[in-house]
Amino acid sequence: GGLATAKRLLEAPPRLAEKALRCLAAMAQTYVENVEQLISLGVVQALLGRGQGHLAETLELPLARRYAARVLMQCTAAKEFTKTIEQQPERCVQQLVKLALQLWDDGVKSAEAFQDMMHVFHFLVTSDQPELLGRHLRAPEMLQLLLRLETSPTAPAAPLAREMLTTLRKDRNFKRALAPVKRLYDEGYDPDLELKLRQSTAMP
């Protein structure tokens, strides 16, 4: 059917795969049955693996990333989504974080897609197994971003970030991992500014 064809096209060259992602994102919003079929076809595994065909290259395109985020967010409606993450939790969380950070860096055009990714994280935290995220969410950039969002009075993702961190802090190991990042955050550390300073002082 159409879903299977679109899934196969994810391995096509980037511009064609981007159109396949757009198709999958649209169909994922139509019926829950479509979402369940997407998971059974291995779409989530493909997006979080980025290992086959041209998919890794495709996900370097901002528009493709937005479609991927929408697919992943819609797939949380299926019972099998958590089981898919359980298969390779560390790798899956790393890829979810990578996609979220890329969307954040994409700026305002990807704001809705970033919100989609925050809903994915929120789903995992509020699921029966919050440790799936708590054990593997260690990227300092993402932790710093969650802390920034937690204290933001206006960011649309702020309520999700606050609820996520409230739950995750109940995990002793996560709290220990967060502590040095929070200390730097409280001291006013700005990773974006540090990167700019490094670039401006780099040897030609």
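From a predicted model like this one, the values you see are computed outputs, not experimental measurements. In what follows, every heavy atom counts, from backbone to side chain, and hydrogens, waters and symmetry copies are set aside.
One finds the CD atom of Gln95 at 10.0 Å from the CD atom of Gln88 (value rounded to the nearest 0.5 Å). Here Leu48 contributes atom CG and Thr84 contributes atom OG1; the two are 8.5 Å apart, rounded to the nearest 0.5 Å. Between the CG atom of Leu178 and the CD atom of Gln144 there is a distance of 10.0 Å, given to the nearest 0.5 Å. Atom CG of Leu146 and atom CG of Leu168 lie 8.0 Å apart (nearest 0.5 Å).
With hydrogens and angles ignored, the 3.5 Å screen pairs no side-chain donor or acceptor of Ser110 with any backbone N or O of Gly107. Not one N or O on the side chain of Ser152 forms a donor-acceptor pair closer than 3.5 Å with the backbone of Leu149.
Thr82 pairs by the side-chain contact (heavy atoms from CB on, under 4.5 Å) definition with Glu86, Phe123, Gln129, Leu132, not counting sequence neighbours. For the side-chain hydrogen bond (donor to acceptor under 3.5 Å, both in side chains) test, no residue two or more places apart in sequence or in another chain qualifies with Gln94. In this view, Arg70 and Gln29, Glu112, Asp116 satisfy the side-chain hydrogen bond (donor to acceptor under 3.5 Å, both in side chains) rule, not counting sequence neighbours. Residues satisfying the ring-ring contact (aromatic ring centres under 6.0 Å, His included) test with Phe114, not counting sequence neighbours, are Trp104. Applying the side-chain hydrogen bond (donor to acceptor under 3.5 Å, both in side chains) rule to Thr5 yields the partners Arg8; only residues at least two apart in sequence or on another chain are considered. Applying the salt bridge (charged side-chain N to carboxylate O under 4.0 Å, His left out) test to Lys182 and every residue at least two apart in sequence or in another chain returns Asp186. Applying the side-chain contact (heavy atoms from CB on, under 4.5 Å) rule to Ala177 yields the partners Arg138; only residues at least two apart in sequence or on another chain are considered. Residues passing the side-chain hydrogen bond (donor to acceptor under 3.5 Å, both in side chains) test with Arg176, sequence neighbours excluded: Asn173. Under the rule for a side-chain contact (heavy atoms from CB on, under 4.5 Å), the partners of Pro62 that lie at least two apart in sequence or sit in another chain are Arg65, Arg66, Asp106. The side-chain contact (heavy atoms from CB on, under 4.5 Å) check on Arg135 picks up Glu131, with sequence neighbours excluded.
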Review item, side-chain donor-acceptor pairs of residues 71-81, under 3.5 Å, at least two apart:
{"from": "Thr76", "atom 1": "OG1", "to": "Met73", "atom 2": "O", "distance (Å)": "2.6"}

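Through side-chain heavy atoms spaced under 4.5 Å, either directly or across other Ile, Leu, Val, Met, Phe, Trp or Tyr residues, Leu9 is tied to Leu16.
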